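For reference, the structure discussed in these notes is given below.
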Number of protein chains: 4
Amino acid sequence: MDQTGEEDGTGAGSAPRRTRIQQKNREAILEAALEVFSQHGFRGATVDQIAQAAGLSKPNLLYYFPSKEAIHIELLSTLLDTWLAPLRRLDPEGDPKAEILAYMHRKLEMSRTLPRESRLFANEMLQGAPRMKDMLEGDLKALAQDKAAVIARWSDEGKIAAVDPYHLIFAIWALTQHYADFEVQVRAILGPDHDPFSEADTFLTTLFNRLLAR
Amino acid sequence: MDQTGEEDGTGAGSAPRRTRIQQKNREAILEAALEVFSQHGFRGATVDQIAQAAGLSKPNLLYYFPSKEAIHIELLSTLLDTWLAPLRRLDPEGDPKAEILAYMHRKLEMSRTLPRESRLFANEMLQGAPRMKDMLEGDLKALAQDKAAVIARWSDEGKIAAVDPYHLIFAIWALTQHYADFEVQVRAILGPDHDPFSEADTFLTTLFNRLLAR
Amino acid sequence: MDQTGEEDGTGAGSAPRRTRIQQKNREAILEAALEVFSQHGFRGATVDQIAQAAGLSKPNLLYYFPSKEAIHIELLSTLLDTWLAPLRRLDPEGDPKAEILAYMHRKLEMSRTLPRESRLFANEMLQGAPRMKDMLEGDLKALAQDKAAVIARWSDEGKIAAVDPYHLIFAIWALTQHYADFEVQVRAILGPDHDPFSEADTFLTTLFNRLLAR
Amino acid sequence: MDQTGEEDGTGAGSAPRRTRIQQKNREAILEAALEVFSQHGFRGATVDQIAQAAGLSKPNLLYYFPSKEAIHIELLSTLLDTWLAPLRRLDPEGDPKAEILAYMHRKLEMSRTLPRESRLFANEMLQGAPRMKDMLEGDLKALAQDKAAVIARWSDEGKIAAVDPYHLIFAIWALTQHYADFEVQVRAILGPDHDPFSEADTFLTTLFNRLLAR
DNA sequence: TATGAATGAGCATTCATTCAT
DNA sequence: AATGAATGAATGCTCATTCAT
């Protein structure tokens, strides 16, 4: 997914040296696991499925990761960074409404291009975030507070309409992720002749423009 | 095997005769299953958990329902009706903006009072609706089309601002269900001193007012 | 092995009610496990072996005991009581030498009739008593101290020859258990025409008579 | 595969040529294997544990020995020689009681200095000597018969008290090995302030003196 | 209706050993 | 002489479901 190279959970230590084949297999496993976990959830996924999808034998897969859970955790750790990146880019010095709209667009784009990651995340949330709670109350909370303060300031300064900054963020998350997480429903209703994401882009642009207009 | 003749979604079959104890146990099972399925997903839930939560032995539970899957399907069937009820009540003859806002409020209220149902539904969607696709493309689609037409008319007649009626419905779904489905995340960010649903009520009222204002 | 009915490890609580079939199967499992564990050790034994020896399927065995380890622990708990019984009967008011010789005989008889128990115990000791250390430092130590004091008194009062009471007890254990634990070796050396236990009886009687004679 | 031509107990084969590093690694492996096998038994030990303890990779370890079992067998073969050495030194021409006591002391000293070897041997005996039976019925039996005959002669000649020579040997084995094999138990009972082996020395000296006194 | 007993299929993980380099 | 990579065969345990009563 990204070439930043995953840490081993310690977050600190020296980068683990990996041979080319290790790198390749680890990536294949994570890619396969993303596919399987996002579709079936943690418990619903089997190591066999993942191994097969990665083109490895089950014991060989467990040569690269110590356990099924370790793969899941690795995915979630990497995911959170990816997930928060668009929000991180919200620039306190930029034009308020443009910044918020741009953020929404980046987030919608992520739903479009990374729907499996979105579903993996949603799965974890639905189950009460058993493996992610710490991350939520750490990085995520800090970032949300930071950006909410920025938005609140914009709101106070009259640069955008008055609006609860936290719930504005929630709204962006909810509205964009919905198109990934509830894709079946959206497609069932719209039928095959619609392009949900392009319509969503238009609709959400309107929505946030009206919501934030002074 | 399934001599209880449970209504299977067709809505036709003869009314199943049930003693009071049967009724009570079926309800206990469905209540328990809702709890367990919504928390752990279908594969993550075990019949044992459900039986224990229902206060029954495992074989006795399977006397009432032929299989784990049958319980799940029964829950989903019932759920869809509950889920669509608020939308059904959207009155074509009512005041457009008031109707839409009232619908949103009913939906948010459902997220507040029935979060387990919301998560059960979300779980099913995330997995591609393997057990619900027909219902989506049947009742749900029909209802959505029907109500979208109403909203489109309102929009055309200038009674509300121009808006894509389908995506308006999606927005209501996404924004209200988010507070049930991503509750951990919302609470992790807001902390213990907030009342997410009451704040959401205010925020969403504002949001839809601005979106729909002529 | 004995009809006292095993506790479930809590040591306290009410006696677990068991149906006849439960009683029968539990006993079959423990008997089979004794056979297998004493021969192959804990790690060397497989649940499959035990199940087969007990005439049960693997999952059915695990219906009666939660894990392989639980069976092992149950065996060891029961065993310690059996194991200490002969020493418990050492009567402080009896004739000193006769009491000690009688104890030795009871212990030797146990090696003869319960060699598997002896080997199970020896196996556990060899590995450092990972599952029995507490029992050793509890019941066993207390009993040994108690009886060592009795023997020390006899020794002090000149009723038996001066002797270290603890090491006298160890000597009885070592000498009697040897015929069970090292049975292959004893038989390899003596050949098929000897009766090790009857010879041991004579030899050990002589040994302790000479050791303890005033 | 096994081109190193390890002496396989027959004692005949050509002397294996080994480089210094080979020699060093073989020794490291055997040392590590002794540690691990004596603690966990054959089945309980893993090749990984041994390799790690020896500071080698698993495949490299298997370059030196064709299999886990081969290491075990090698250990046992070497062990038997070590084990019997003290008895071999029993001098038919020496002073009978002094010889027997000296043998007992050598054996006790071995328990003190080589407890792992003692436990390895005990483990093998407990399991019925599956890998050692031939050795028992060969070298061991011959030596035991030889020395038993010596003791029997001494006994017949009145140089020591009348005693069954085989069971006298067993007694020495049992009493000395007990302090290595059942060390946990001994220490659990005596507590930390005792020196089991030094006390055993005193006790066993007394015991055999009284047993053998004319 | 209800439950104790039983099981086949499956699952995550371990492990001795082999392969390729 | 050494090791990273790979695997077949277990191994302990779980689970939905069935059987017998």
Side-chain angles (χ1 to χ4, degrees), chain A residues 17-22 24-25 42-51 55-71, chain B residues 1 4 19 21-22 24-25 42-51 55-71, chain C residues 17-22 24-25 42-51 55-71, chain D residues 1 4 18-22 24-25 42-51 55-71:
Chain A
R17 300 274 160 63
R18 296 208 185 95
T19 65
R20 222 165 309 123
I21 192 164
Q22 268 181 339
K24 206 193 64 180
N25 279 339
F42 180 73
R43 290 277 308 267
T46 74
V47 173
D48 245 340
Q49 281 177 310
I50 300 171
L56 297 173
S57 70
K58 206 167 26 161
N60 198 18
L61 180 149
L62 291 164
Y63 172 74
Y64 291 97
F65 288 89
S67 70
K68 177 182 170 182
E69 187 163 22
I71 305 175
Chain B
M1 185 193 303
T4 58
T19 64
I21 192 164
Q22 273 179 334
K24 206 193 64 180
N25 280 340
F42 180 72
R43 289 280 305 269
T46 73
V47 174
D48 244 340
Q49 284 176 309
I50 300 172
L56 295 174
S57 69
K58 214 168 19 164
N60 198 18
L61 180 150
L62 290 166
Y63 169 79
Y64 288 98
F65 289 89
S67 72
K68 178 183 170 182
E69 186 162 22
I71 305 174
Chain C
R17 298 275 161 62
R18 297 209 184 94
T19 64
R20 222 164 310 123
I21 193 164
Q22 268 182 339
K24 204 192 64 179
N25 279 341
F42 179 72
R43 290 278 309 266
T46 74
V47 174
D48 245 339
Q49 281 177 309
I50 300 173
L56 296 174
S57 70
K58 207 167 26 162
N60 198 19
L61 180 149
L62 291 164
Y63 171 74
Y64 290 97
F65 288 90
S67 71
K68 177 183 168 181
E69 186 163 22
I71 305 176
Chain D
M1 182 191 307
T4 59
R18 295 205 187 97
T19 65
R20 220 163 307 128
I21 193 166
Q22 274 180 334
K24 207 195 64 180
N25 279 340
F42 179 73
R43 291 278 309 265
T46 73
V47 173
D48 244 340
Q49 283 176 308
I50 300 172
L56 295 174
S57 70
K58 217 170 14 164
N60 198 16
L61 180 148
L62 289 165
Y63 169 78
Y64 289 98
F65 289 89
S67 71
K68 177 183 172 183
E69 187 162 22
I71 307 174

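So you know, we letter chains A, B, ... as the sequences are listed, proteins then strands, and number each from 1. The model shown is predicted, which means the values in this text are computed figures rather than measured ones.
- With values rounded to the nearest 0.5 angstrom, Q49(A) atom CD is found 8.5 Å from K68(A) atom NZ.
- Inter-residue side-chain proximity for L61(C) and I71(C) is flagged as met; some heavy-atom pair is nearer than 4.5 Å.
- DNA chain E is contacted by S57(C), P59(C), N60(C), Y63(C), Y64(C) of residues 56-65 of chain C, taking any non-hydrogen atom closer than 4.0 Å.
- Out of dA16(F), dC11(E), dA1(F), the shortest distance to the side chain of K68(B) is found at dA16(F).
- Distance D48(D) CG to dG4(F) C1': 13 Å, rounded to the nearest Å.
- Axis orientation changes by 30° from one end of the helix from dA2(E)-dT21(F) to dT21(E)-dA2(F) to the other, with each end axis drawn from 5 pairs and the value rounded to 10°.
- Here R20(A) lies out of heavy-atom contact (under 4.0 Å) with every strand.
- Within the 4.0 Å cut-off from OP1 or OP2 of dC15(E), at least one side-chain nitrogen or oxygen of R43(C) is found.
- If you take CD on Q22(B) and OH on Y63(B), they are separated by 5.5 Å, rounding to the nearest 0.5 Å.
- Note on N25(C): every side-chain N or O is 4.0 Å or more away from OP1 and OP2 of dG4(E).
- Nearest-nucleotide positions on DNA chain E for T19(B) and T46(A) put T19(B) closer to the 5' end.
- Contacts of F42(B) classified as ring-ring contact (aromatic ring centres under 6.0 Å, His included), with partners at least two apart in sequence or in another chain: F37(B), H72(B).
- Put simply, the side chain of R20(D) does not reach to within 4.5 Å of the side chain of N25(D), judged on heavy atoms.
- Residue-level contact check: A45(A) touches the backbone only, with heavy atoms under 4.0 Å from sugar-phosphate atoms and none from bases.
- Between K24(D) atom NZ and dA1(F) atom P the separation is 12 Å, expressed in whole Å.
- Close to dT18(F), at under 4.0 Å from its OP1 or OP2, lies no side-chain N or O of S67(B).
- In terms of phosphate contacts, Q22(C) brings no side-chain nitrogen or oxygen within less than 4.0 Å of OP1 or OP2 of dG4(E).
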